[in-house]
Amino acid sequence: MEFINYEVEGMVGVITINRPKALNALNSQVLEELDQTLDAVDLDNVRALILTGAGEKSFVAGADIGEMSTLTKAEGEAFGKKGNDVFRKLETFPIPVIAAVNGFALGGGCEISMSCDIRICSENAVFGQPEVGLGITPGFGGTQRLARIVGVGMAKQMIYSARNIKADEAYRIGLVNAVYPLEELMPAAQKLAASIAKNAPIAVRNCKKAINDGLQVNMDEAIVIEEKLFGDCFESYDQKEGMTAFLEKRKVEAFLNK
Ligand code: DAK
């Protein structure tokens, strides 16, 4: 792979978008490589992912403006679909994904971070949806996910005005869960990922699915989704081990993802 690095440490996989000369902007090749990387994740052994950008300046500075500038309507639609498919794959990926936002997260960069389950960022992070200043709408889900995360009023203000916001404001409006000095960001992401990875994997996956799927339907249907995923945990080795350990007043020996 030219633009994606993937490393596994323990039960955590780290995906790094590695195109620092263009501030990790998303061109077609980056999107294809990211798609292939997600397909290759060993879900038997990896229990959480971290997504970050190479270098100290940028997470992802958006979709590649050079590549987009000459697209026809049909090509623009195809590019949008390519991005949307991989972003959706990330959003519905069976295991949790943490975005460690280490700098610019503009346009498609903000959008890819919003396809992750959790966002944390460095103090130099900058978020924004500058598309209307380029004559386009956000095309990788920004109009939909930003409104769901920070609320309709704030999302409309950010998108209509194309104003970038800094890390402290992103934290204040709930776009990120925490802000760290740059050098502490990846250790914090690793620690968070490890705290997820130590829990029962089937239960964690079912929680992700319950939250994601439940948000798409009304409360009556959402509760049924939760019931089914709750029931699905029973008779698993991990459910038996988790509850037996509690009753025997001992620590869980190991969750085995079965
Ligand atoms: N695309 C391509 N190259 C980029 C880039 C981008 N988004 N952002 C930065 N670069 C490149 C620069 O061109 C420059 O390359 P060289 O000139 O060195 O060859 C290099 O990265 C370093 O950038 P700067 O020299 O500009 O660095 P500065 O520190 O001065 O400025 C900056 C950093 C992030 C403020 C600035 O680079 C900037 O404003 N970048 C553009 C940010 C932006 O507007 N991002 C949103 C892109 S629009 C859709 C699908 C998707 C989308 C929309 C629709 N459908 C098909 C419907 C998504 C749209 C977007 O994401």
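Both ligands and their constituent atoms are indexed starting at 1 by order of listing. Index from 1, following the sequence.
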Subject >> Atom CD of Glu77: over 12 foreign heavy atoms under 6.0 Å >> reply: no
Original post:
What are the two closest heavy atoms between Glu235 and Lys240, and how far apart are they?
Top reply: CA-NZ, 3.4 Å
**OP:** With heavy atoms of Pro130 as the reference, note each atom of ligand 1 found under 4.0 Å away.
**Re:** 43 (C), 44 (O), 45 (N), 46 (C)
Original post:
Ring centroid separation for Phe127 and Tyr171, is it under 6.0 angstrom?
Top reply: no
Subject >> Any protein heavy atom < 4.0 Å from atom 38 (C) of ligand 1 >> reply: no
Subject >> For Lys57, atoms of ligand 1 separated by under 4.0 Å from a heavy atom >> reply: 27 (O), 28 (P), 29 (O)
**OP:** Within a distance under 4.0 Å of any heavy atom of Gly62, pick out the atoms of ligand 1 and give their elements.
**Re:** 61 (O)
Subject >> Gly83 heavy atom under 4.0 Å from ligand 1 >> reply: no
**OP:** Can you sort out which atoms of ligand 1 are near Gly80, meaning under 4.0 Å from one of its heavy atoms?
**Re:** 55 (N), 56 (C)
Original post:
Just heavy atoms, cut-off under 4.0 Å: does Leu134 contact ligand 1 by side chain, backbone, both, or neither?
Top reply: side chain
Original post:
Applying a 4.0 Å heavy-atom criterion (strictly less than), which segment of Ala61 is in contact with ligand 1: side chain, backbone, both, or neither?
Top reply: both
Original post:
For Thr137, is the nearest heavy atom under 4.0 Å from an atom of ligand 1?
Top reply: yes
**OP:** Around atom 50 (C) of ligand 1, find the nearest protein heavy atom and jot down its residue, atom name and distance.
**Re:** Phe140 CE2, 3.4 Å
Subject >> 4.0 Å heavy-atom contact, Met68 with ligand 1 >> reply: yes
**OP:** Specify side chain, backbone, both or neither for Lys21, according to which of its non-hydrogen atoms lie closer than 4.0 Å to ligand 1.
**Re:** backbone
Subject >> Atoms of ligand 1, numbered as shown, that sit under 4.0 Å from any heavy atom of Gly107 >> reply: 46 (C), 61 (O)
Subject >> Glu67 to ligand 1, any heavy atom closer than 4.0 Å >> reply: no
Original post:
Side chains of Arg47 and Ile196: does their closest heavy-atom pair fall under 4.5 Å?
Top reply: no
Original post:
Is atom 27 (O) of ligand 1 less than 4.0 angstrom from at least one protein heavy atom?
Top reply: yes
**OP:** For Gly108, counting its heavy atoms only, list the atoms of ligand 1 lying under 4.0 Å from any of them.
**Re:** 60 (C), 61 (O)
Subject >> Heavy-atom side-chain proximity of Phe59 to Leu51 below 4.5 angstrom >> reply: yes
Original post:
Under 4.0 Å from any heavy atom of Leu106, which atoms of ligand 1 are there?
Top reply: 34 (C), 42 (C), 45 (N)
**OP:** Return yes when atom CD of Glu184 has more than 12 non-hydrogen atoms of other residues, nucleotides or ligands closer than 6.0 Å, and no otherwise.
**Re:** yes
Subject >> Asp64 N/O to ligand 1 N/O under 3.5 Å >> reply: no
Original post:
Which atoms from ligand 1 have a heavy atom of Ala22 less than 4.0 Å away?
Top reply: 4 (C), 9 (C), 10 (N), 11 (C), 21 (O)
Original post:
Should the proximity of Ala63 to ligand 1, defined as any heavy atom under 4.0 Å, be assigned to the side chain, the backbone, both, or neither?
Top reply: both
Subject >> Donor on one side chain, acceptor on other, Asp213 and Gln216, under 3.5 Å >> reply: no
